[in-house]
Amino acid sequence: MGPRIPVTVTVADRTGHPIVPETTRRTDRFPGSRYGNRPTMKDVAARAGVGLKTVSRVVNGEPGVTPETERRVQEAIDALGFRRNDSARVLRKGRTASIGLVLEDLADPFYGPLSRAVEEVARAHGALLINGSSAEDADREQELVLALCARRVDGLVVIPAGDDHRYLEPELKAGVATVFVDRPAGHIDADVVVSDNFGGARDGVRHLIAHGHRRIGFIGDMPRIHTAAERLRGYRTAMEDAGIPVADGWMSLGVTDPDRVRRAAREMLTGPEPVTAIFTGNNRVTVTVIRVLAEHARPVALVGFDDIELADLLQPGVTVVAQDAAALGRTAAERLFRQLDGTLIAPERIELPTRLITRGSGELPPAD
């Protein structure tokens, strides 16, 4: 297909006078573009009958302009739809007043309060938040992070999908403040804010043991993910501390796809040594296991890592190890802005506590 050539057709009305083409009417104020060019400060100055410097003072809130002149300039701004070019200000000041947030999955309910907390801190510092999802893909994470850096964000809050972040070293040296949250960075020294995944999982399994369970299954996420590995370690530690050997069929790690989780749960519940309790490694796994248990003949105890919506309304209510997602986001964002203010030097690891919330499912005794 060849290049599109614009064609202007002149149509006459009933009197024989030509009708101005729609394309001309649409762009005669700012010719040269199909959609019309953005008005500039020169356009505002010409309409208001003032100098360019006067418009600049009004736009940037600087003193030295009479109220009457400021009124004329503002009327011209409103009439033309003028907007200040912040890109030019970035070139002068070297800061964009924007930060990037890279999440695993924007649709995951866990990240809603985390993202909101980061946004609130950014807004309090007069910064814009730009976020995106890596979809748990390391290549996509790197592409998204570097795209945000290319747009000159001042800092990044990253929930990592990959385990090698050396690609960020040039950006860190260039002054891009970066804080990792939920999981640590790989092969670089950087600030990280995490939950106590090991301790929370250990406490959840200990809770099941305290209610008489010895055959306890664990269904978690992919073992390469830091949080999944730490929660598995907590499960193993609790079982070892209680002197309970773990059968091979009691552990299942992999993708959180419902079909995979459903198969794992059914195998644990129907094998030669069926479990009497299940500890789930995250909210998505918990939801699928709840559906499986609803179809199961005998009651099975359940403790899940991460709280889920409506967990208190189920019968029985779902006992969970809850993280404070908002605190994770807020702590990470506050640390980021401390980096930007120049008040932080050495990277640190900040670990936030989890909380066991008992609602009934984790307190069921063994059925046999």
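Basis for what follows: all heavy atoms, side chains included, without hydrogens, waters or symmetry-related copies. For the single chain, residues carry numbers from 1 onward in sequence order.
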* Asked: Checking side chain to side chain contact (heavy atoms under 4.5 Å, CB included) for the pair Glu351/Phe198: CA distance, chi angles, key distance, verdict?
  -> CA-CA 11 Å; Glu351 188 172 273; Phe198 165 76; over 6 Å; no

* To do: Under the salt bridge (Lys or Arg N to Asp or Glu O under 4.0 Å) rule, what do Arg183 and Glu230 come out as? Steps first, then yes or no, please.
  => CA-CA 10 Å; Arg183 309 164 189 172; Glu230 284 294 282; over 6 Å; no

Lys/Arg-Asp/Glu bridge criterion (N-O < 4.0 Å) met for [X], [Y]:
X: Glu68; Y: Arg71; value: yes
X: Glu120; Y: Arg116; value: yes
X: Glu169; Y: Lys173; value: no
X: Arg206; Y: Asp241; value: yes
X: Arg266; Y: Glu295; value: yes

* To do: Decide yes or no on salt bridge (Lys or Arg N to Asp or Glu O under 4.0 Å) for Arg359 and Asp307, but give the supporting numbers first.
  => CA-CA 11 Å; Arg359 297 191 178 114; Asp307 207 354; 3.0 Å; yes

Quick one: are [X] and [Y] in side-chain contact, heavy atoms under 4.5 Å?
X: Thr178; Y: Glu171; answer: no
X: Thr319; Y: Ser361; answer: yes
X: Asn282; Y: Thr256; answer: yes
X: Leu148; Y: Ile130; answer: yes
X: Leu156; Y: Cys149; answer: yes
X: Asp324; Y: Leu352; answer: no
X: Asp163; Y: Arg224; answer: no
X: Leu101; Y: Glu119; answer: no

With no hydrogens and no angle check, do the side chains of [X] and [Y] hold a donor and an acceptor under 3.5 Å apart?
X: Ser252; Y: Arg263; result: no
X: His165; Y: Gln142; result: no
X: Asp43; Y: Thr40; result: yes
X: Ser56; Y: Glu62; result: no

Are the side chain of [X] and the backbone of [Y] linked by a donor-acceptor contact shorter than 3.5 Å?
X: Glu267; Y: Ala264; value: no
X: Asp154; Y: Ile99; value: no
X: Ser133; Y: Glu104; value: yes
X: Arg335; Y: Val179; value: no
X: Arg260; Y: Val255; value: yes
X: Arg231; Y: Asn197; value: no
X: Asp191; Y: Glu348; value: yes
X: Glu141; Y: Ala161; value: yes
X: Ser115; Y: Tyr111; value: no

Please report the interatomic distance [atom1]([X]) to [atom2]([Y]), rounded to the nearest 0.5 Å.
X: Asp78; Y: Arg47; atom1: CG; atom2: CZ; result: 10.0 Å
X: Leu103; Y: Leu114; atom1: CG; atom2: CG; result: 6.5 Å
X: Thr358; Y: Arg355; atom1: OG1; atom2: CZ; result: 10.0 Å
X: Met41; Y: Leu52; atom1: CE; atom2: CG; result: 5.0 Å
X: Leu269; Y: Ile278; atom1: CG; atom2: CD1; result: 4.5 Å
X: Asp203; Y: Thr354; atom1: CG; atom2: OG1; result: 6.0 Å

* Asked: Parallel, tilted or perpendicular for Phe305 and Phe279, by the 30°/60° rule?
  ->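 Rings of Phe305 and Phe279: perpendicular, as their planes differ by over 60°.
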
If you take all heavy atoms of [X] and [Y], which pair is closest and at what distance?
X: Ala117; Y: Ala326; answer: CB-O, 3.2 Å
X: Phe180; Y: Leu168; answer: CZ-CD1, 3.9 Å
X: Val192; Y: Val194; answer: CG2-CG1, 3.5 Å
X: Ala332; Y: Val157; answer: CB-CG1, 4.2 Å
X: Pro316; Y: Gly360; answer: CB-C, 3.9 Å
X: Pro299; Y: Leu364; answer: CB-CD1, 4.4 Å

* Step by step, would you call Asp259 with Arg262 a salt bridge (Lys or Arg N to Asp or Glu O under 4.0 Å)? -> CA-CA 5 Å; Asp259 289 338; Arg262 191 176 296 111; 2.9 Å; yes

* Asked: Out of Asp196, Asp306, Asn283, Thr227, which one pairs with Gln323 under the side-chain hydrogen bond (donor to acceptor under 3.5 Å, both in side chains) rule?
  -> Asp306

* Given His207, which of His213, Arg202, Glu363 fulfils the side-chain hydrogen bond (donor to acceptor under 3.5 Å, both in side chains) condition? -> Glu363

* Stepwise side chain to side chain contact (heavy atoms under 4.5 Å, CB included) test for Val121 and Leu336 -> CA-CA 10 Å; Val121 174; Leu336 183 75; over 6 Å; no

Take atom [atom1] in [X]; do more than 12 heavy atoms of anything else shown fall under 6.0 Å from it?
X: Arg291; atom1: CZ; answer: no
X: Arg298; atom1: CZ; answer: yes
X: Arg233; atom1: CZ; answer: yes

* Audit row: Val321, Val303, side chain to side chain contact (heavy atoms under 4.5 Å, CB included) steps and yes/no -> CA-CA 7 Å; Val321 176; Val303 174; 4.2 Å; yes

* Asked: Among all residues two or more places apart in sequence or in another chain, which pass the ring pair (Phe, Tyr, Trp, His ring centres under 6.0 Å) test with His226?
  ->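 None.
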
* Take Val292 and Val300, measure what side chain to side chain contact (heavy atoms under 4.5 Å, CB included) needs, and give me the verdict at the end. => CA-CA 10 Å; Val292 173; Val300 175; over 6 Å; no

* Determine whether Leu328 and Ile357 fall in the same hydrophobic cluster, where Ile, Leu, Val, Met, Phe, Trp and Tyr are linked whenever their side-chain heavy atoms lie under 4.5 Å apart. =>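 Different hydrophobic clusters.
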
* **Ring centroid separation Phe218 to Tyr235 under 6.0 Å** =>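 Centroid separation for Phe218 and Tyr235: below 6.0 Å.
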
